[in-house]
Amino acid sequence: MAYMNQSNAAEKRLPQVEVFERPEITALPENRNIKKRVPYFRYGLMTAAVFVMLISMLTGYSKVAQLTVEADRLRSQLEELRSDGDALNAKREQRFNLEYVEWMAVNKLGMVKQDKSQITYLATSNPEKITIAAQEEENQTGLMAGLTKGLNVVMEYLD
């Protein structure tokens with residue numbers, strides 16, 4: 001393979017160089033029996049991934065549609081409840097209106113307003129004992145009883 005050419009180098013006084021033989025290049029054998037394999041596994045895997053993504057998207061869209069319907073139903077129910085609440089508030093205001101109460105008492109229940117003479121005042125000078133002013137007047141005689149009675153008459157007149 002490799003040999004040195006010593007005789008030529010000595011004659012010319014050239015440095016010695018190694019010479020290599022070239023190996024003979026041969027072509028690779030052709031394998032005509034090898035067929036290109038179709039990557040069915042990859043195609044199947046990609047198809048399955050696309051199918052899973054499609055199913056998840058459809059499920060998501062159906063869930064969104066279902067939630068939208070539920071939200072619309074709840075909005076309409078809320079609107080209905082608000083209108084009911086407003087109606088109940090108006091009815092409550094009407095019921096607690098003193099003019100309405102007076103009208104109901106007079107017209108529906110047949111009540112009559114009291115006259116000033118029918119009003120009885122309670123004396124609360126002693127918190128442990130409450131007596132009706134008319135009974136107290138019967139017990140009191142004299143100047144003080146007369147002044148109290150006269151003052152009560154004036155107060156009734158002014159009211």
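Fair warning: this is a prediction, and the values are worked out from it, not measured in the lab.
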Below 3.5 Å, can you tabulate the donor-acceptor pairs from side chains in residues 78-95 to any protein atom, sequence neighbours excluded?
{"unit_1": "Ser83", "atom_1": "OG", "unit_2": "Glu80", "atom_2": "O", "d": "2.7"}
{"unit_1": "Asn89", "atom_1": "ND2", "unit_2": "Gly85", "atom_2": "O", "d": "3.4"}

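- In the hydrophobic clustering, Ile55 connects to Phe51, either directly or through intervening members, whenever side-chain heavy atoms lie under 4.5 Å apart.
- Not counting sequence neighbours, the partners of Arg42 by the side-chain contact (heavy atoms from CB on, under 4.5 Å) test are Pro39.
- Within the structure, the side chain to side chain donor-acceptor pair (under 3.5 Å) test picks out the following pairs touching residues 54-71 (sequence neighbours left out): Glu70-Arg73.
- Applying the under-4.5 Å side-chain rule to Ile, Leu, Val, Met, Phe, Trp and Tyr, the cluster around Leu109 extends to Met111.
- Applying the side-chain hydrogen bond (donor to acceptor under 3.5 Å, both in side chains) test to Asp72 and every residue at least two apart in sequence or in another chain returns Arg75.
- Under the 4.5 angstrom side-chain criterion for Ile, Leu, Val, Met, Phe, Trp and Tyr, Val153 has no cluster partners at all.
- In this structure, Met53 shares a hydrophobic cluster with no other residue, the cluster being traced through Ile, Leu, Val, Met, Phe, Trp and Tyr side chains under 4.5 angstrom apart.
- The hydrophobic cluster containing Leu74 does not contain Leu67, counting ILVMFWY residues as joined when their side-chain heavy atoms lie under 4.5 angstrom apart, directly or transitively.
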Which atom pairs, one a donor and one an acceptor, fall under 3.5 Å between side chains of residues 97-105 and the rest of the protein, sequence neighbours left out?
{"unit_1": "Asn97", "atom_1": "OD1", "unit_2": "Glu99", "atom_2": "N", "d": "3.4"}
{"unit_1": "Glu102", "atom_1": "OE2", "unit_2": "Lys113", "atom_2": "NZ", "d": "3.4"}

